[in-house]
Number of protein chains: 2
Amino acid sequence: MVEAELGERSRQVLEAVIVDYTLTAEPVGSRAVSRKYHPDLSPATIRNAMADLEELGYLSQPHPSAGRVPTDKAYRFYVDRMKAQPLSRTEATRLNRQVGGARSELDELMEHASLQLSSLSRYTGVVLAPPLSHTRLERVDLLPVGGERALAVVVTETGWVTSRTITLGEPLRQLELREIARLITEGFGGLTFQEIQGRLDDPGPPPEERLGRLALTLAEKVFALLRDRNLYIGGAINILDQPEFADLDTMRMLLKAFEEKRRLIELFSSRAEAEGVRVVIGSENPYEEMHETSVVTAVYKYGNHILGSLGVVGPRRMRYAKVVALVDYTAKLVSRRLDRLARAEPSA
Amino acid sequence: MVEAELGERSRQVLEAVIVDYTLTAEPVGSRAVSRKYHPDLSPATIRNAMADLEELGYLSQPHPSAGRVPTDKAYRFYVDRMKAQPLSRTEATRLNRQVGGARSELDELMEHASLQLSSLSRYTGVVLAPPLSHTRLERVDLLPVGGERALAVVVTETGWVTSRTITLGEPLRQLELREIARLITEGFGGLTFQEIQGRLDDPGPPPEERLGRLALTLAEKVFALLRDRNLYIGGAINILDQPEFADLDTMRMLLKAFEEKRRLIELFSSRAEAEGVRVVIGSENPYEEMHETSVVTAVYKYGNHILGSLGVVGPRRMRYAKVVALVDYTAKLVSRRLDRLARAEPSA
DNA sequence: CATGAGCACTTCCCGTGGTGGAGTGCGAAC
DNA sequence: GTTCGCACTCCACCACGGGAAGTGCTCATG
């Protein structure tokens with residue numbers, strides 16, 4: 001359908017405009033296209049093609065006598081038919097070393113990944129940490145740590161460990177704590193955190209014994225702490241080097257978007273079921289503050305479960321071919337890394 | 001000495017210039033001072049005083065025929081003799097509710113404090129989490145969490161709990177882990193983390209038995225994870241509303257400074273021994289990128305120990321009287337809050 | 001001798017108008 | 001269908017100039 005809409009000539013011109021604009025960030029005129037990309041075609045021919053492209057909504061003019069600028073539709077067309085441009089050897093080794101390195105723990109892995117995404121793309125890297133909603137609880141431990149507080153340790157079936165201190169409502173002995181932890185583990189073990197949340201929201205009749213009731217309130221506390229996902233943003237200022245964000249208001253808007261992590265988290269978690277790399281261009285983004293940006297994301301997995309997503313936020317005139325390859329590679333690297341982290345079973 | 005340097009007249013004029021400049025961010029002329037602050041004095045008289053003040057280094061002119069702008073020396077003079085301007089009732093109650101509230105855990109407390117510092121000052125709020133260097137270890141626990149990993153739980157004498165997962169070099173049984181934790185606790189309990197680091201750096205002859213050697217390497221891993229302090233930055237973009245940061249390069253420099261947390265941490269931890277509120281004005285700051293900003297900090301404590309510091313980063317023409325009061329109050333609030341959090345002993 | 005008034009001077013700010021360049025659209029020619 | 005040439009438009013840049021703000025200096029005055 002799109003193929004029918006555009007002739008070969010128009011397609012080539014469109015591509016040239018996109019490539020040039022990606023490089024220069026300046027509106028590109030017919031003359032420049034002729035000189036730099038198609039010396040065999042005269043500027044006048046290009047002009048005709050460009051006029052067609054504008055009518056079809058692929059190009060637009062900032063003002064009547066300026067060059068043309070690609071629209072979101074143009075980028076979409078380009079992205080859908082381009083080939084990813086594989087990472088260079090040095091880039092790949094650097095990623096492998098920094099992200100695939102063996103020593104780091106989970107949070108360091110996420111942080112390094114976001115930093116590398118940023119510095120290799122020269123835009124901003126984002127990593128959304130695994131949500132717990134779809135993973136299953138293995139067990140809960142409660143350790144007394146003095147006073148009316150305890151350390152709650154939550155272990156999932158996939159082997160992730162989260163711990164937080166919680167404040168008990170009343171002083172409890174170690175034995176009581178252990179019993180409560182056992183009750184919680186028995187009551188909720190094997191369920192996904194989503195299911196657990198459902199049960200907690202609609203608890204039915206309260207248990208008879210005191211410890212049972214305590215277990216419920218403490219479980220509430222423990223799982224409440226796990227609800228928020230972490231979002232790692234690396235190199236937020238990197239993106240500010242792009243000329244389209246040189247304007248003060250645009251800049252402020254973008255930074256505000258970065259600071260409001262909650263909405264970014266939504267953005268990165270929504271539609272994160274599909275495999276492969278996803279590209280959201282400009283106004284395709286539901287988040288209005290990000291209409292000037294494009295977002296490239298991919299999911300990372302543990303075994304067959306999608307755990308989270310990561311990606312790059314950049315200007316609409318992003319070097320898509322490169323970034324898509326980078327994001328894809330990084331996602332796979334993180335998945336492999338997670339596998340190794342979790343599967344490391346006793347070798348004996 | 002300073003008193004001798006400045007006559008009463010000059011002092012009043014200087015104060016007027018500072019006040020007006022903090023409000024308007026525009027160079028202030030003799031006419032404006034006369035009209036707004038000292039109608040009894042003619043502009044000419046003010047001019048004379050201003051000329052004196054310029055010679056003494058308290059004022060400067062952006063260009064020969066503009067008004068005057070206070071120098072760092074002027075702010076210093078002002079800050080040293082001003083009185084803090086107490087918080088309004090609504091501000092105080094808001095702080096109490098948001099920061100003093102009873103439910104939050106340690107990290108939430110820090111985060112809320114930084115956000116409130118920011119939104120009440122309209123600048124940027126910063127909270128440096130407690131360092132461990134001077135607190136003493138109470139005990140270490142190691143929990144097996146599947147595979148070759150364990151959850152290390154570190155409890156300090158002050159009752160703080162930190163936990164991190166670590167990767168064991170080899171598979172270990174639960175009993176072995178427990179024994180190793182016991183060895184670490186016995187070997188290092190009661191020592192400050194600084195002392196522990198010293199021992200680890202210079203370990204002497206390695207122990208005979210296998211578990212002893214393992215305890216050493218694992219202790220190394222555990223304590224390495226505790227070395228970095230967390231820095232909470234709230235409302236970094238708030239400060240960008242200030243006109244002096246409207247320039248693109250200044251803005252970028254500032255954001256870069258915020259992103260490089262390591263140096264900020266240094267800044268906030270250095271000279272953080274003294275009680276009370278400390279004000280660092282413009283070029284007094286050792287960190288060159290922050291010569292355009294002023295920093296107001298205060299330490300918060302647990303009992304008699306200084307745990308960390310918090311404060312506000314703003315433009316040099318900060319509303320010092322207000323911010324000093326805000327920072328002071330917040331620091332005390334956090335201290336009180338920590339006390340309650342940790343001391344909550346079993347009431348029976 | 002400190003204060004205040006007047007005045008000439010400097011500097012910046014901002015709006016104006018002119019100019020050159022880049023790019024388009026269109027009609028005519030190949 | 002392609003190319004050429006030309007007239008037109010719009011922006012970006014610069015130079016110019018008036019106006020405002022502010023100073024320093026001088027001199028009169030209590």
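Given the structure is predicted, the values throughout are model-derived calculations rather than measurements. Quick note on labels: first sequence line is chain A, next is B, and so on, each numbered from 1.
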For the pair made of [atom1] in [X] and [atom2] in [N], what is the distance, rounded to whole Å?
X	N	atom1	atom2	result
B:Glu54	D:dT23	CD	C1'	10 Å
B:Arg9	C:dG4	CZ	C1'	11 Å
A:Arg31	C:dG21	CZ	P	13 Å
B:Glu8	C:dA2	CD	C1'	16 Å
A:Leu53	C:dT24	CG	C1'	15 Å
A:Gln61	C:dG23	CD	P	11 Å
B:Asp52	C:dA2	CG	C1'	12 Å

> Which residues, if any, of residues 32-43 of chain B bring a heavy atom under 4.0 Å of DNA chain C?
Replying inline: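 Listed by number, they are B:Asp40, B:Ser42.
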Could you list the protein-to-nucleotides 9-20 of chain C atom pairs, N/O on both sides, closer than 3.5 Å?
from, atom 1, to, atom 2, distance (Å)
C:dT10, O2, B:Ser65, OG, 3.4
C:dT11, O2, B:Ser65, OG, 3.2

> Side chain of A:Lys322, backbone of A:Ser121: donor and acceptor closer than 3.5 Å?
Replying inline: no
> Is the backbone N or O of A:Ser88 less than 3.5 Å from a side-chain atom of A:Glu91, with the two atoms forming a donor-acceptor pair by type?
Replying inline: yes
>> With the threshold set at under 4.0 Å for non-hydrogen atoms, list the residues of residues 22-29 of chain B touching DNA chain D in residue-number order.
In response: B:Gly29
> Would you say the side chain of B:Arg47 and the base of D:dG24 hold a donor-acceptor pair, judged only by whether the two atoms sit under 3.5 Å apart?
Replying inline: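 Per atom types, the contact qualifies.
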> Checking all strands, does A:Asn48 fall into the base, sugar-phosphate, or nothing category for heavy-atom contacts under 4.0 angstrom?
Replying inline: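 A:Asn48: base contact, heavy atoms under 4.0 Å.
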> Taking B:Leu41 as the fixed residue, which of B:Val33, B:Ile46, B:Asn48 is the one that meets the side-chain contact (heavy atoms from CB on, under 4.5 Å) rule?
Replying inline: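 Exactly one pass, corresponding to B:Ile46.
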>> Does either side chain, that of B:Asp72 or that of B:Ser283, offer a donor lying less than 3.5 Å from an acceptor on the other one?
In response: yes
> The side chain of A:Ala44 lies closest to which of these nucleotides: D:dT3, D:dG22, C:dT24?
Replying inline: D:dT3
